[in-house]
J.: 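One structure follows; several queries about it will come next.
Quick note on labels: first sequence line is chain A, next is B, and so on, each numbered from 1. Keep in mind that this is a model prediction, so the values were computed, not measured.
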Amino acid sequence: MKIKSAITAGAVGISSLCLLVACGNKQQSSSKLVQWQQPGNLTTLDASKATDNVSFGTLNNSNEGLTMSAKNNTIKLGVAKNYRVSSDGKTYTFNLRHSKWNNGQPVTAHDFVYGWQRTVNPKTASQYSYLFDHVKNANQIGENKAPISSLGVRADGDYKLVVSLTKPQSYFKYLIAMAPFYPQSKAIVDKYGQSYGTSSSSMLYNGPFKVTGWSGTNDSWKLIKNNNYWNAKNIKFNGVKFNVQKDSNTALNQYSTGDLDLTNLVGKQQVGEFKNSKELHNLNMASTFYIEMNEKKNPIFKNQNIRKAISLAIDRNQFTKNILGDGSKPAQGYVSPGMPKHNGKTFVQDAGTNIGVSYNLNDAKKLWNKGLKETGQNSVDITLLSDDTDNGRSTTEFLQTSLEKLPGLSITSQNIPPKSRISRAQSGQFDMVINSWVADFPDPISFLSMFVSNGSYNNGKWSNSKYDALVNNAEGTDANNSNKRWEDLVNAEKTLMNDQGIVPIYYPVKPTIIKPRISGIQFFPTGSPYDLRNTHIDNDKH
Amino acid sequence: MVRYLAKRIFYLILTLFIVTTVTFFLMKIMPGTPLTNEAKLSPSERNMVLQQYGLNKPVWQQYISYIANAVHGNFGTSFQFSDQQVSYLISSRVGPSLLLGLQAIIVGVLAGIVVGSLGAIKKGTWVDTTTTIVSILGISIPSFVLSILLQYFVALKWGWLPIAGWSGFAYTILPTLALAAMPFAESARFVRTEMVDVLSADYIELARAKGLSKFGIIYHHALRNSLIPLVTIVGPLAVNIMTGSLVVENIFAIPGIGEQFVNSVVTNDYPTIMGLTIMYCFMLCVVLLITDIIYGLIDPRIRITGKRG
């Protein structure tokens, strides 16, 4: 990896010389397709097995579930024509519209039952089956303790679907918009067996576009308008051509000559070039970068003052503005912005901003000294673990400099490949680690459920009984009472921040540039990455 | 000859076996599984995934079945692409890398021969100095720098060729040039040195005395003998280039195996890394074998049995 980083550094250096001039070019393509850069390969079209954003993006626009994500954390109806929730919040009844697969066969409630059962079936080995954990018997099926047919979803005729949950789940409407909840055709899955979804031809589509030209391993594929889609008359453009381009400088060059209509920017310099351009869109991600402190390995982190001191010693404004400089925002808490509002207020507003995350070096030093006294230590040597990416390195460098201002603290940075970092964090082999979380669905619980005492992502083993109780109430007794549930979540966040169980650092964004001829792409911070159903191409716009 | 070949093939298999074994166990030491969000799966779901990839068995059993499958050309299923065979992944991406490599070798070596010969013939003049400088530059400029410069000037600024991608001959020109720099510089250096030697040999004097034209001497006598050492370096160079340059493929978005290799490393796709390593090793061994055979054919002074007569 070292070689690669050196190469990247060199490449960035050289292309920075070229960049200034490159930017002046204002050419646009006249292609009937949106030319879209992807940073990675499409790895599968099997809705039960997809795990990465490239695959989810393609799936969300070539298939459709009961509901779809829409603007401002709302949902709109997809294959479901309407639905009803029982007063106890445990039974959902969906009436389906008459819609078709791209081969002309009808999409029925049986396709949903089959698709859901297939995702939950442990033989499928879906890595997102946990999204079904509120659906009746899903967990038992996952543990091979109940037959697959016992899953709480049944077809009442061809166009009515009834879902039973074990307990109310206010965010269930968001989940069913996601790929693992899509309908699947049993005939097609049986026909292709192991090769189902491994190429664009071994797959059926019920969404606005069908995938073409994907061999399973190649670097480009297309989404082409599906005339059998129920709402095809409202799809106003022909489709998208995706090109895998892993080198961000090349992608930027292609953008400036008009070969690409859309690409992501990487790093301070690229973003800086487009700072004042209306083509730049800082897409929110509902994601937070934070430090976890290993209380099990280093008992010193059990001390609240020590944890608070670490948090207060970090100048998040300076870091996001001067070091990252890519549009990332300083963290004001753990739950990122981009969650649905409650009674007109955002979660960040209600949970009180900046608890324990405002930079104050004097307070930090005081708390630190107090903490050292309480734990009977004079000096502390710790390792800070992070990714070997550019961002990972900038973060460790900045944190090392900031935190070493605390007397007696010395920090060694360790930057390793992301996957290794995850595995070391999960097995507890770290003192401090920089992790990030991206919410799966737009509800604060997607963040907050992580740090309950026995949470599987709670790598630092921070534990607080009040917090545990609040999170449990939100998922249990208060699940069907939106006001109380909201209050539980707000208080859980406050507890986590007062105690600095984890130290939030920043909210990343995805800086993306889009040519003026393209409009109407709806991006989402969670779940489905984007929706093309209202996209337009207008070659006269510059 | 037959005995020699049999022996070499035996060594080839042995090398492959050792490389496979070492890579296999190195990969086992590394952390990482096909799971992307391990913690959220129930133990039985986790086992199912591991079972699918055969990762729930003891390491020695995994090893035996890996070797058994590898003999049949089955390198397992990719971690990154769900349900995709590694052998398919490699075979479907090897084409562009081979084509680029072949073009680069042909362009590079031919240009190298011309430039190298010129340098030798005009030894000591400005021509020689220039060609030497050019070939030193060729060796010392990393291919990614050259790629970026070519892309910036030729494609972006002057707009003569496409920036990146893979849909026709025009798309292959810039990456070919970037890749050709190395074989060009290497062969220019070798040819020049060798030809300077050859040109001072007695048989060249003789040819001159016979009254042959200057071109005739160079073409028929000097060049041919100067090319012998080139054979030794072109083989390994070809493997190096044809197995795909990670950086050049990345910059020009070539759907080749070099780019795939980088990607597999980044995503911990161990089966793919293993498959590619074995393939690289196999190609290198085969090319070395062929080189040795050709070497013997061109120059009878070299006995392939290894005994000096």
Side-chain angles (χ1 to χ4, degrees), chain A residues 1 4 7 10-11 14-15 17-18 21-22 25 40-41 43-44 46 49-52 122-130 139 142-144 194-198 215-220 243-247 249-251 253-254 256-257 259 417-420 422-424 426-427 455-457, chain B residues 30-53 78 80-84 88-90 92-93 142 144-145 147-149 151-153 155-157 159 162-167 246-247 250-255 259-260 262-263 265-268:
Chain A
M1 292 311 293
K4 210 194 149 210
I7 290 169
I14 292 166
S15 35
L17 295 174
C18 310
V21 196
N25 239 323
N41 287 85
T43 59
T44 185
D46 183 341
K49 294 189 176 171
T51 53
D52 59 284
K123 284 211 178 81
T124 310
S126 164
Q127 300 195 41
Y128 272 98
S129 54
Y130 67 86
N139 295 335
E143 284 158 21
N144 271 326
Q194 273 294 93
S195 61
Y196 171 73
T198 59
S215 71
T217 57
N218 57 341
D219 280 356
S220 80
N243 306 285
V244 175
Q245 177 51 273
K246 288 163 191 156
D247 187 278
N249 292 311
T250 305
N253 287 344
Q254 288 181 299
S256 53
T257 56
D259 289 350
K419 276 219 164 184
S420 310
I422 294 170
S423 103
R424 277 187 57 182
Q426 299 219 325
S427 56
S456 44
Y457 278 91
Chain B
M30 300 267 287
T33 63
L35 301 166
T36 43
N37 41 5
E38 199 171 349
K40 287 197 169 177
L41 298 181
S42 74
S44 66
E45 287 165 334
R46 199 172 310 159
N47 278 336
M48 276 290 177
V49 179
L50 295 182
Q51 202 179 321
Q52 270 202 342
Y53 290 98
S78 161
Q80 191 201 356
F81 293 84
S82 89
D83 292 327
Q84 206 69 267
Y88 172 70
L89 194 63
I90 295 177
S92 69
R93 296 184 70 106
F144 77 89
V145 175
S147 300
I148 290 173
L149 292 176
Q151 188 181 71
Y152 176 67
F153 285 105
L156 183 70
K157 219 170 164 203
I163 292 172
W166 190 253
S167 32
L246 346 163
V247 189
N250 233 346
I251 292 177
F252 289 105
I254 310 296
E259 195 211 22
Q260 188 53 46
V262 179
N263 208 16
V265 172
V266 175
T267 54
N268 271 11

J.: List the atom of Ala253(B), the atom of Val244(A), and the distance in Å for their closest heavy-atom pair.
T.: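 Smallest heavy-atom distance, with atoms named: CB-O, 3.9 Å.
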
J.: Might you point out which heavy atoms bring Asp247(A) and Asn250(B) nearest each other, and give the distance in Å?
T.: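 Nearest pair, atom of Asp247(A) first, then Asn250(B): CB-O, 3.6 Å.
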
J.: Before giving the answer on side chain to side chain contact (heavy atoms under 4.5 Å, CB included), spell out for Asp83(B) and Thr44(A) the whole-Å C-alpha distance, their side-chain angles and the decisive distance to 0.1 Å.
T.: CA-CA 8 Å; Asp83(B) 292 327; Thr44(A) 185; over 6 Å; no

J.: Side chains of Ile148(B) and Asn249(A), heavy atoms from C-beta outward: is any pair under 4.5 Å?
T.: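 No, side chains not in contact.
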
J.: Would you mind reporting whether Arg93(B) and Asn218(A) have side-chain heavy atoms less than 4.5 Å apart?
T.: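 A side-chain contact is absent here, since even the closest heavy-atom pair is not under 4.5 Å.
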
J.: Check whether Asn144(A) gets within reach of chain B through its side chain, its backbone, both or neither, counting any heavy atom under 4.5 Å.
T.: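 The answer is both parts of Asn144(A).
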
J.: Taking all atoms of both residues into account, what is the closest heavy-atom pair of Gln84(B) and Thr217(A), and its distance?
T.: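 Here Gln84(B) and Thr217(A) meet closest at CG-CG2, 4.1 Å.
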
J.: If you apply the rule side chain to side chain contact (heavy atoms under 4.5 Å, CB included), what do you find for Tyr88(B) with Ser195(A), and how did you get there?
T.: CA-CA 12 Å; Tyr88(B) 172 70; Ser195(A) 61; over 6 Å; no

J.: Examine whether an atom of Gln80(B) lies under 4.5 Å from a heavy atom of chain A, and if so say whether it belongs to the side chain, the backbone or both; otherwise answer neither.
T.: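 Answer is both: backbone and side chain atoms of Gln80(B) are under 4.5 Å from chain A.
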
J.: Measuring only between side-chain heavy atoms, which start at C-beta, is Thr198(A) closer than 4.5 Å to Phe81(B)?
T.: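 Side chain of Thr198(A) against side chain of Phe81(B), heavy atoms only: no contact under 4.5 Å found.
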
J.: For Ser220(A), is it the side chain, the backbone, both or neither that has a heavy atom under 4.5 Å from a heavy atom of chain B?
T.: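 No part of it gets close to chain B.
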
J.: Do Gln254(A) side-chain atoms and Ala164(B) backbone N/O form a donor-acceptor pair below 3.5 Å?
T.: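 Side chain of Gln254(A) to backbone of Ala164(B): a pair is present.
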
J.: Output, in order, the C-alpha distance, side-chain angles, deciding distance and verdict of side chain to side chain contact (heavy atoms under 4.5 Å, CB included) for Ser256(A) and Leu156(B).
T.: CA-CA 8 Å; Ser256(A) 53; Leu156(B) 183 70; 3.6 Å; yes

